[in-house]
There are 2 protein chains.
Amino acid sequence: MQTQATLSLSHHPASVFRGQPRAEGPFGMIGTPMRYARNTEIYGEAEPAEYLYQLVFGAVRTYKILDDGRRQIGSFYLPGDIFGFEAGDAHNSSAEAICESQVMMVKRNALMVRASHERDLARQLWDATALELRRFQEHLALLISSAEERVVGFLIDMARRATKNATIELPMSRQDIADYLGLTIETVSRTFTQLEQTGVIALRTSRRVELRNRAMLNRLGAS
Amino acid sequence: MQTQATLSLSHHPASVFRGQPRAEGPFGMIGTPMRYARNTEIYGEAEPAEYLYQLVFGAVRTYKILDDGRRQIGSFYLPGDIFGFEAGDAHNSSAEAICESQVMMVKRNALMVRASHERDLARQLWDATALELRRFQEHLALLISSAEERVVGFLIDMARRATKNATIELPMSRQDIADYLGLTIETVSRTFTQLEQTGVIALRTSRRVELRNRAMLNRLGAS
DNA sequence: CGTGCTCTTGAGAAATCTCAAGCCCCGTGG
DNA sequence: CCACGGGGCTTGAGATTTCTCAAGAGCACG
């Protein structure tokens, strides 16, 4: 796991946002755009959970460092995803940009207040929360499976979320994937190799995965 | 069996229920009481998620049956806990009574409508959701650990939630625990035995666990 | 061309699972 | 009162999966 560089956030005035292409979701109108460099922290565990975030571009991981030093990655977020409400008053995970990323951040309070009289916004927030819970559930299902099923499940999920076609561009390292799946990096790597050898995927580079046999992929994924 | 409300939602003094369930939490005023016998279904996966539930007494498990037939238990609920919002419009788990149980059920819609003009209720619902997310997170942390850490973590959690003193009355079977922890029943059993042999716990009966060495227990639990 | 990452591969060690058997508790019926 | 049977739990031993430790390969960058 890598140590992080200095916290280089560039704060763009709200006016910048007016030109941005992405106005969708509950964050479009009132959010503040923020950029984060690779491996920089967006928020830390136990910090007051003052904001919610929607990812514009890039990729984000949330994680906890366990007592014994292992890192547990809770979720990966891709453009469009909303994150930051795995929390009561304080975050219970940290969040980092996996690569150069931009988010829209919105004060929770402001959002809650608005939601209390905008039915639609309230609905969107609950939907986002339900999605979060569903993702946790799927993540749990992965963790009780074999190494192969975990990796396959991860790939299926990424394919669904990140791409329309058969090639996935993975923003995260093997170590990230290992920490997400509760495996060692070696086991993840071996499993990729094995999937390639059986013709299920092709690895154009280590971060670029082509799904060559969707049927078999789905068969190998238990969930 | 203990019928105590460890109702994290309620700011009422925790003395209230005893005998007739009515009164407390977001469910007291408008809920309908329902009873379920051991091993009966409260709701099924993919059913429309029309209600939220608060457990009055007994114990509940939520679970999914995976494609390969294994059962993944997502959560256990104890008296006072609120469940049923691991869902958008449809449940994505099933829920069953582990033993004779009583719940208060409330229509989601009704609750949402009320929440939209009662700030306090809205707050309680979000708190309950945040708690749910935190539990998922802890569950994930367990699943990436060793068998011993999983069992210890489970016991610590049950102790915190179910009892004030050092003896836990487990309502669920070894198989339930195994399906919650992603282990086999044999491994769970062996781990209990081993914890007993090292003096960390005592098994008065297989369902009654006495914590004899809290310090060591905490040390063995990683998270 | 080195240097520093990240990723892959190999081989033995350790944890967990699988299959199989036996035990315990308890309710039932002779 | 005791034998019987079933469910839930425990224990054992070998098979399998995953981890650990160690080394090598691929690649980007100065």
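Both backbone and side-chain heavy atoms feed into the values below; hydrogens, waters and symmetry mates do not. Letters A, B, ... mirror the listed sequences (proteins, then strands); counts begin at 1. Here the structure is a predicted model, which is why all the values come from computation and not from measurement.
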(message) Generate the contact string for nucleotides 24-30 of chain D. Rules: B means base contact, S means sugar-phosphate contact only, - means no protein heavy atom under 4.0 Å.
(response) -------
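- Shown here are the salt bridge (charged side-chain N to carboxylate O under 4.0 Å, His left out) partners of B:R207, two or more places apart in sequence or in another chain: there are none.
- Two rings, from A:H139 and A:Y180, have their centers less than 6.0 Å apart.
- In this structure B:E45 satisfies the salt bridge (charged side-chain N to carboxylate O under 4.0 Å, His left out) test together with B:K64, sequence neighbours excluded.
- Scanning for salt bridge (charged side-chain N to carboxylate O under 4.0 Å, His left out) contacts around A:R208 gives A:E169, with sequence neighbours left out.
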Check: protein-nucleotides 22-27 of chain C nitrogen or oxygen pairs below 3.5 Å:
none

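- By the salt bridge (charged side-chain N to carboxylate O under 4.0 Å, His left out) test, B:R38 is found to be paired with no residue, residues two or more places apart in sequence or in another chain being considered.
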Identify the pairs formed between an N or O of the protein and an N or O of nucleotides 19-21 of chain D at a distance under 3.5 Å, and give each distance.
residue : atom : partner : partner atom : Å
D:dC19  : OP2  : A:T184  : N            : 3.4
D:dC19  : OP2  : A:T184  : OG1          : 3.3
D:dC19  : OP2  : A:T187  : OG1          : 2.6
D:dT20  : O4   : A:R190  : NH2          : 2.8
D:dC21  : N4   : A:E186  : OE2          : 2.8

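- More than 12 heavy atoms of other residues, nucleotides or ligands lie within 6.0 Å of CG in A:N165, so this atom counts as buried by the packing criterion.
- Contact check of residues 199-212 of chain A against DNA chain C (heavy atom, cut-off under 4.0 Å) returns A:S206, A:R207.
- Side-chain contact annotation: A:Y63 with A:Q72, donor-acceptor N/O pair under 3.5 Å absent.
- Listed by first then second residue, pairs satisfying salt bridge (Lys or Arg N to Asp or Glu O under 4.0 Å) with a partner in residues 185-195 of chain B number zero, not counting sequence neighbours.
- Residues meeting the ring pair (Phe, Tyr, Trp, His ring centres under 6.0 Å) test with A:F83, sequence neighbours left out: A:Y53, A:Y77.
- Residues that satisfy the side-chain hydrogen bond (donor to acceptor under 3.5 Å, both in side chains) test with A:T191, not counting sequence neighbours, are absent from this structure.
- Applying the side chain to side chain contact (heavy atoms under 4.5 Å, CB included) test to A:R212 and every residue at least two apart in sequence or in another chain returns A:A202, A:E210.
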